[in-house]
Amino acid sequence: MPDESWLAFTETADAQGYDGDAALAWDSPFAIVNEAAGHVIEVRKLCVELCHGVDVAQGFLGHFDLQRITAVSGGVALTPVKHVSSVANLPSQVTIVRRPTSVATNGRLRRFVPIGSTRAGVILSTFSFPRVKGDIGGRGASNSTIFNIPDTNLQPIVLREGEGIALYQPGAGTVFDQRANCQIVVAATGATFTVPMPFGSVGPGVAVAAIFNGTGSGVVLNVRNWNVTDEAEANNVLPKYRILFGPMTLVNGEDLATVRPFVSSSPALPAGVLVRRNSYVRLNQFYTEPFDQGQYVFHAAAGEVDQFNPMFMHQQVMARTLPWQAAQRLWFQQELLWDRAGRDTSKQGWTLRKGEGLAVVWGAKLGERGAAMTNVDVHPSTFQNHNFTAVFTRRAGASAADLPVRRPQYHLGL
Amino acid sequence: MANTHTCNAQSVAYALNKDMIDVHHTAADARFERLRELVMLNNSLTAVTGVILQCEIRRHTTAPTGGTAITPVSRDSANSALDAGFTSGTGRTLVDSNLYRRFVFGNEEPVIAGAAFANWLTLVPFGLVWPPSVGDTSLEPLTMVGGTLEGFYIKNITSTVVGAADLEAHLTDEAS
């Protein structure tokens with residue numbers, strides 16, 4: 001029997017300016033935070049539909065390969081995010097990096113053409129609007145998918161000790177940033193991790209991102225899903241959404257989102273399960289990065305699991321007004337589903353123990369690696385038909401495992 | 001989950017009635033290789049004057065000859081090797097048998113601006129040309145039955161020689 005299931009939605013959420021302390025507060029149009037002891041919330045799906053207009057134009061057209069590898073060196077470490085905070089960290093022998101210095105390739109699994117441009121001014125560009133992490137309904141994969149497992153009879157990509165996988169650029173082309181998002185599962189335990197991978201196209205023969213299961217790790221990793229989207233920022237102060245997961249609290253969270261049980265006889269949600277719209281998310285510094293290293297908040301928010309560009313959503317909504325598309329059942333006629341856990345039952349959902357939450361937040365200049373955020377007092381352009389929906393389950397859990405994992409703390413000697 | 005292998009080829013040129021990608025096993029192969037996915041992607045970036053073309057997914061029941069061999073890539077290095085009687089290739093000479101599906105494709109190169117049909121054909125989810133009902137456990141996959149000489153392939157049936165495609169066949173290797 002499935003766990004008690006709930007649906008929450010915001011309907012039309014107001015567009016609010018971003019202000020406050022950039023280091024700690026995040027304007028959040030939609031958030032679920034579990035402050036109820038004895039209950040575990042598992043978010044299975046998150047859907048979004050919104051409209052925003054900007055204008056950015058660049059272009060690059062090239063190939064990327066999904067390659068098996070037998071070695072990796074160098075690169076900038078990427079942090080995998082646990083779907084359940086109480087599971088063990090990946091062993092230190094597991095290396096996940098952006099722009100490794102070198103990889104040893106050992107078999108191509110797929111070649112694909114990634115996003116190369118953002119053409120907000122050109123409504124009909126398939127290279128701009130389809131590449132969101134939205135679901136396209138019955139096909140079971142977003143347009144940005146480069147690998148998934150549509151048939152349960154198929155194996156995932158299995159990485160044993162000494163094996164890895166890389167996104168590899170075989171040809172020339174060097175224009176701006178893209179972002180990948182990959183889910184890996186530890187075979188023995190089912191522990192699920194999401195790895196956000198920002199990268200930029202580089203010269204030929206370079207791996208832009210890699211996951212390597214080093215010798216001695218003691219684990220087997222299953223790669224189950226991989227998406228690539230475009231993350232161009234150019235010179236615009238471009239609002240962007242981040243999905244944050246982990247210890248957090250809500251500030252000014254009085255604006256309730258509608259919550260409905262799937263079964264009318266389900267008991268009411270505990271009062272500590274907060275489902276809010278138009279609030280501020282405050283990352284819990286005592287549970288996240290070291291207190292005195294606030295720059296981590298700029299570099300990449302603790303628990304950031306994904307980003308997406310609302311400009312693409314705008315393209316999709318605009319496309320509805322075009323008569324030639326009215327007769328077609330294309331993806332933009334459906335909700336855009338951020339489904340990093342949902343339909344694949346081999347993956348854990350986003351599990352919220354007491355003190356943890358899953359929030360959509362927005363701000364400017366969030367996509368560039370290491371770039372500081374820019375305060376934007378008023379949300380640019382118009383914001384219409386902005387609706388978030390989440391599907392989550394609730395189950396009782398009153399053991400010590402409900403408590404969020406505390407990370408090592410560092411304190412200034414004042 | 002059964003042992004899964006991927007046969008893939010890049011930049012496969014078009015020709016009338018050409019085998020774009022095939023999988024095959026001989027009667028000596030007692031294993032059951034089940035074709036779970038066929039993927040075709042319009043990944044050629046060279047500017048051409050393309051056409052709308054048609055491809056077919058067919059069974060074949062004769063041994064392939066000529067063409068270019070494809071080396072399968074396993075999803076798990078611990079998987080046992082495919083039987084020696086299994087092969088995969090492109091451009092091989094095959095004799096048609098049953099037709100399973102005919103679909104429309106294109107060989108115009110994708111462009112940066114514009115909602116060209118060619119652009120849609122680069123997206124991996126849209127490149128899944130078989131099976132028609134992904135994940136429907138009530139349907140059998142296309143199966144190379146153990147002990148039977150047979151296989152499956154994507155055949156281009158349009159007269160065109162410009163452009164190229166990337167193709168994949170994902171199959172499971174099972175004892176029965």
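Sequence lines set the chain letters: A, B, ... in the order given, protein chains first and strands last, and positions in each chain run from 1.
At least one side-chain heavy atom of A/Val219 sits less than 4.5 Å from a side-chain heavy atom of A/Asn213. At a threshold of 4.5 Å between non-hydrogen side-chain atoms, the residues A/Val208 and A/Phe64 count as touching. Between B/Cys7 and B/Phe86 there is a side-chain heavy-atom pair separated by less than 4.5 Å. Between B/Phe105 and B/Tyr14 there is a side-chain heavy-atom pair separated by less than 4.5 Å.
Side chain of B/Ser97 to main chain of B/Val95: no donor-acceptor pair is present (N/O by atom type, distance under 3.5 Å, no hydrogens or angles). One N or O on the side chain of B/Asn43 and one on the backbone of A/Arg111 form a donor-acceptor pair closer than 3.5 Å. In this structure, the side chain of A/Gln93 engages the main chain of A/Gly216 through a donor-acceptor pair within 3.5 Å. Within the 3.5 Å criterion, the main-chain N or O of B/Ser44 finds no donor-acceptor partner in the side chain of B/Glu109. B/Thr143 contributes a side-chain N or O that, together with a main-chain N or O of B/Pro141, makes up a donor-acceptor pair within less than 3.5 Å.
Remark: B/Asn156 engages no residue in a side-chain hydrogen bond (donor to acceptor under 3.5 Å, both in side chains) (not counting sequence neighbours).
The pair B/Arg31-B/Asp83 does not meet the salt-bridge criterion, since no charged nitrogen lies less than 4.0 angstrom from a carboxylate oxygen. Salt bridge absent: A/Arg110 and A/Asp65 never bring a charged side-chain N and a carboxylate O closer than 4.0 Å.
For A/Arg160, the part lying under 4.5 angstrom from a heavy atom of chain B is the side chain only. Of the atoms belonging to B/Thr6, it is side-chain heavy atoms, and not backbone ones, that fall under 4.5 Å from chain A. Contact of B/Asn79 with chain A is made through the side chain alone, with heavy-atom distances under 4.5 Å. With a 4.5 Å cut-off on non-hydrogen atoms, A/Arg108 touches chain B through its backbone and its side chain both.
Taking CD from B/Glu33 and CD from B/Glu150, the interatomic distance works out to 9.5 Å, rounded to the nearest 0.5 Å.
The contact list for residues 50-75 of chain B toward chain A, using heavy atoms and a distance under 4.5 Å, reads B/Val73, B/Ser74, B/Arg75 by residue number. Close approach to chain A, defined as a heavy atom under 4.5 Å from one of its heavy atoms, is seen in no residue of residues 15-27 of chain B. Against chain A, the residues from residues 166-176 of chain B that qualify, each with a non-hydrogen atom under 4.5 angstrom away, are B/Asp166, B/Glu168, B/His170, B/Thr172 in number order.
Most heavy-atom pairs under 4.5 Å with chain B: of the set A/Leu109, A/Ile157, A/Asn106, this distinction falls to A/Leu109.
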